Amino acid sequence: MTTAQRQVELRFDAVKIDRKWQERWERDGIYRVEDDDPRPKWFEMTMYPYPSGDLHIGHWYAMAPSDAHARFRRMQGYNVLHPIGFDAFGLPAENAAISRGIHPYEWTMANVDNMRRQLRSLGAVYDWDREVVCCLPEYYRWNQWFFIKLYEQGLAYRAKAPVVWCPSCQTVLANEQVLNGECERCETPITRRDFEQWFFRITDYADELLDFDTLEEWPEKILTMQRNWIGRSEGVDIGFDISDYNIEEREIRTFTTRIDTIFGVTFLVLAPEHPLVSKLTSENRRADVEAYVDQARAASEIDRLSAEREKTGVFIGAYARNRLNNEKVPIYVADYVLTTYGTGAVMGVPAHDHRDYDFARKYRLPIRTVIAPITWDGSELGEAFIGDGFMTNSGAYEGMTNEEGMEAIAKDVERRGWGHRAVTYRLRDWLISRQRYWGTPIPMVYCDECGVQPVPEADLPVLLPEDAEFRPTGESPLAINDTFVNTECPNCGGPGRRETDTMDTFMDSSWYMLRYCTPQYSGGPYEPSVTGDWMPVQQYTGGAEHAVMHLLYSRFFIKSLRDMGMLNIDEPFLRLFNQGVILGSDHEKMSKSRGNVVNPDDVVGQVGADAVRCFLMFIGPWDQGGPWSDEGINGVVRWLNRAWSLVEHDAAQLDDSPSEPTAVRDTQRVLHQTIRKCYEDLDRFKFNTTIAALMELVNHLSQAWNDQSVDSATWRDCIEKFLLMLAPIAPHVAEEWWERTGRGYSIHQQPFPTWDEELAAGGMITLVLQVNGRVRDRVVVASGVTEEDAKWYVDNSSRVQSHIDGKPVRNVVYVPDRLVNVVVG
RNA sequence: GCCGAAGUGGCGGAAUGGUAGACGCGCCGGUCUCAAAAACCGGUGGGAGAAUAUCCCGUGUCGGUUCGAGUCCGACCUUCGGCACCA
């Protein structure tokens with residue numbers, strides 16, 4: 001038992017206030033969103049949660065500030081759609097089914113129920129009539145509908161792809177289920193197997209996905225990550241001759257961005273999965289090669305690509321001819337080459353590529369410099385030289401700069417038909433097949449006569465069978481369910497077998513924003529005209545962990561719908577903001593094992609929703625995250641207490657006319673500066689400084705009350721505007737205090753206050769007097785001080801003069817209302 | 001490893017290239033109280049100094065640009081996020 005936390009008590013019953021207003025708002029439907037409201041539309045979404053069971057403080061950290069921002073937009077006069085839903089398909093439900101014998105549907109929907117209740121305790125503006133739960137047939141039927149549309153467009157196709165395989169469980173594993181290269185269930189070393197699986201052709205959109213021009217405010221880091229993820233490279237696809245071997249293929253195609261180094265090729269490397277490996281391997285090398293390939297298939301891609309790890313590979317006993325210099329070079333298989341990138345084969349140029357250099361050193365392959373550094377003395381280089389230089393040992397291209405060589409060789413290669421300029425992407429097509437139960441069944445049927453057939457639209461949805469069996473080995477419950485598998489071929493009516501794979505859950509999240517617009521529509525995934533009015537999403541918020549996959553998939557999805565004429569927009573999300581991660585009070589990531597998890601229900605039960613909302617926003621910049629603190633929340637509670645006592649004061653006790661005009665003017669200035677600050681900061685998600693400014697206002701008003709230095713009208717004005725600024729961040733107490741001070745229901749239908757620049761201006765400033773950039777004196781003067789007057793202070797400051805010390809003045813820098821800097825010496 | 005981000009008091013953090021440390025936590029002192037808590041008032045980066053005089057040092061490290069750098073540039077160190085089947 002730890003020492004009890006000293007808890008500051010609230011002076012009002014926050015829990016009761018929460019309940020009172022949540023019920024009233026619900027009853028009055030003040031957050032119901034109407035499609036035909038005349039105000040301008042503002043669609044602001046936060047990423048929907050996975051229904052893991054309990055609302056974590058991390059969910060509050062994502063939801064509370066985004067709600068405050070959506071509320072701010074409402075107060076600015078927008079018709080705001082700020083919906084919520086549940087990302088309800090996925091692996092954890094299936095794990096629960098296996099370990100606890102509970103059906104994924106039961107488990108998921110019980111979690112959804114609980115999380116709905118917890119989400120309501122936030123006091124957010126969610127319109128619950130628009131909730132989307134994507135594991136329900138009325139949602140996932142449209143996943144199937146979209147799948148068929150994409151299939152008809154040629155954007156969905158089937159191909160072999162490796163899955164992680166547990167040879168003991170005889171089942172496919174998720175990456176998450178692999179611990180140190182072993183199956184988490186039975187600790188058997190994993191391997192990989194090729195399965196026929198479904199893909200979406202996201203690579204068709206690679207170039208368009210690199211165009212971020214229409215995205216208004218996305219964090220630069222997310223764009224950089226997407227750019228790098230797509231990884232566009234321009235180069236040359238060039239063939240190496242293997243016509244000496246008696247096989248169908250006449251050449252090995254490689255992709256290189258450095259065709260200028262082609263005379264430096266001293267070996268070729270094939271990915272272990274490359275189809276030519278088995279065809280070209282000589283009999284005396286076969287055993288070694290096969291052993292190597294098996295071992296490579298167990299390794300993770302991260303390990304394979306690691307530049308730190310020692311390069312490995314084996315010679316396959318075959319050679320290929322470099323057509324540019326007629327040299328025969330040995331062919332290796334090595335796991336640092338991936339079949340998913342380029343052609344799955346690379347030309348080894350050890351002199352000018354780090355990985356090839358390491359590989360050549362290890363296997364004693366020749367290293368031939370063909371790009372000469374400018375200061376090169378001809379000796380062997382100690383490491384790969386990847387910079388620019390002059391072509392050497394390069395036949396007809398000798399002496400060119402390598403840029404010229406690159407151009408000349410590419411041209412010649414194309415002219416001779418040995419290859420062609422090509423663009424390659426690191427981005428791969430989106431593999432959507434999952435060998436699982438708890439996902440959207442892929443609506444395809446296999447018929448021995450007719451091949452692959454889509455399920456007709458009229459037969460959708462293909463429902464998940466309720467009587468599925470969840471075996472601890474993790475076999476796909478759909479594959480072993482005969483009544484699900486056996487069906488009729490939609491084309492010939494003969495016997496057919498259903499596809500038993502389900503879809504990646506990123507399918508659900510690729511278009512859920514469209515469903516929010518018309519969630520009950522049954523004539524299609526969304527009603528086009530209404531959805532067209534709401535889309536694109538004006539503001540999206542969520543964790544940066546979705547920087548590349550979800551956000552890229554969704555962008556692809558919207559573009560493909562546009563190209564099918566289903567939607568007239570290019571991008572789903574116009575603006576994006578990524579919040580950071582909330583940590584435990586020990587500054588570590590929250591986890592049950594660390595025991596640093598904060599349960600929002602407990603805290604909300606003690607101090608109410610508003611104190612929790614405010615504290616989460618006050619911790620620090622929203623995009624940086626930060627640690628929870630049981631002590632820190634006391635500061636927010638004290639502030640709300642002080643605000644409450646201000647609200648309680650009877651303004652009638654103050655004079656009607658200002659006795660101290662200067663003091664009143666100061667209070668007005670503070671008020672209007674606060675409004676300006678809050679308006680600008682809320683606009684840019686700077687909640688921490690919004691709250692700091694409101695705290696300063698409360699501090700000022702407390703002082704003003706103690707001094708009785710304001711008149712009653714100014715006081716009332718300050719309280720009214722303070723409550724309006726409080727409304728988006730602390731909606732319950734703002735409503736309660738609004739009512740208590742005799743103002744009409746509801747504060748949440750009031751506009752955000754505006755400021756008057758003239759009232760915000762003026763006052764005293766501290767003018768800083770510097771000598772050589774160092775502060776030597778300060779004078780308090782009225783703002784708007786002239787340069788001449790400012791310099792007068794310099795001349796008359798004994799501190800400044802003593803530092804000038806008679807030295808010649810070389811320059812005087814004047815920054816209005818800030819400082820004077822005298823440069824001497 | 002690759003890609004991305006962040007380093008400021010005892011702690012969370014603030015700071016259009018212009019007073020470093022707003023606001024808050026914690027701590028110290030005071031008021032109130034039999035006492036404590038709460039509340040309220042005051043103080044609180046480090047060093048020298050009797051000092052609320054004055055001076056010096058200080059935003060991860062080293063270097064640069066500038067009249068002036070937490071902020072811009074370069075290199076390095078440390079920590080965190082993502083890496084395609086967790087979502």
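Chain identifiers are assigned alphabetically (A, B, ...) following the order of the sequence lines, protein sequences preceding nucleic acid strands; residue numbering begins at 1 within each chain. These figures come from a predicted structure and were not determined experimentally.
A donor-acceptor contact under 3.5 angstrom links the side-chain atoms of A:R436 to the base of B:C85. Residue side chain A:N821 reaches the base of B:C67 through a donor-acceptor N/O pair under 3.5 Å, judged by distance alone. For A:E545 against B:C83, no side-chain N or O and base N or O form a donor-acceptor pair under 3.5 Å. Judged by distance alone with a 3.5 Å cut-off, no donor-acceptor contact links the side chain of A:Q770 to the base of B:C67.
Taking the C1' atom of each, B:G64 and B:G9 are spaced 28 Å apart, rounded to whole Å. Between the P atoms of B:G26 and B:G81, the separation comes to 29 Å (whole Å). Taking the P atoms as reference points, B:A75 lies 14 Å from B:A5, given to the whole Å. Between B:G10 and B:G45, the distance separating the two C1' atoms is 10 Å to the nearest Å. When the P atom is used for both B:A36 and B:G24, the distance is 26 Å, rounded to whole Å. Comparing the C1' positions of B:G18 and B:C72 gives an interatomic distance of 14 Å, to the nearest angstrom. Rounded to the nearest Å, the gap between the P atom of B:G4 and that of B:U8 is 23 Å.
Residue A:H354 places no side-chain N or O under 4.0 Å from the OP1 or OP2 atom of B:G1. Considering only side-chain N and O atoms, A:R799 lies under 4.0 angstrom from the phosphate OP1 or OP2 of B:U54. Considering only side-chain N and O atoms, A:R818 lies nowhere under 4.0 angstrom from the phosphate OP1 or OP2 of B:U16. Close to B:A39, at under 4.0 Å from its OP1 or OP2, lies no side-chain N or O of A:N641. The side chain of A:N634 contributes no N or O atom lying less than 4.0 Å from OP1 or OP2 of B:G24. In this structure, A:K221 does not reach the B:G82 phosphate: none of its side-chain N or O atoms is under 4.0 Å from OP1 or OP2. Residue A:K686 places none of its side-chain N or O atoms closer than 4.0 Å to OP1 or OP2 of B:C23. Using a 4.0 Å cut-off, some side-chain N or O of A:R776 falls inside it from OP1 or OP2 of B:C56. At least one side-chain nitrogen or oxygen of A:R638 sits closer than 4.0 Å to the OP1 or OP2 atom of B:A39. Distances shorter than 4.0 Å separate none of the side-chain N or O atoms of A:R428 from OP1 or OP2 on B:A84. Contact annotation: A:R642 side-chain N/O to B:G24 OP1/OP2 distance is under 4.0 Å.
For the pair A:V548 and A:I765, nearest-nucleotide mapping onto RNA chain B gives the more 5' position to A:I765. Residue-to-nucleotide proximity on RNA chain B shows that, of A:Q703 and A:E696, the 5′-proximal contact is made by A:E696.
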| remark: Applying the Watson-Crick and G-U criteria (both distances under 3.5 angstrom) with [ ] for crossing and | for other-strand pairs, one obtains for RNA chain B (((((((..(((.....[....)))((((((.......))))))((((.....))))..(((((..]....))))))))))))....
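A salt bridge links A:E757 with A:R676: at least one charged nitrogen is closer than 4.0 Å to a carboxylate oxygen. A:D501 has no carboxylate O lying under 4.0 Å from a charged side-chain N of A:R158, or vice versa, which leaves the two without a salt bridge. The pair A:R434-A:D504 meets the salt-bridge criterion, since a charged nitrogen lies less than 4.0 angstrom from a carboxylate oxygen.
Counting non-hydrogen atoms of neighbouring residues, nucleotides and ligands closer than 6.0 angstrom, the CZ atom of A:R810 reaches no more than 12 such neighbours.
Here B:A53 presents its C1' atom at 13 Å from NE2 of A:H803, a figure rounded to the nearest Å.
A:V815 comes within contact range of at least one nucleobase, with a heavy-atom separation under 4.0 Å.
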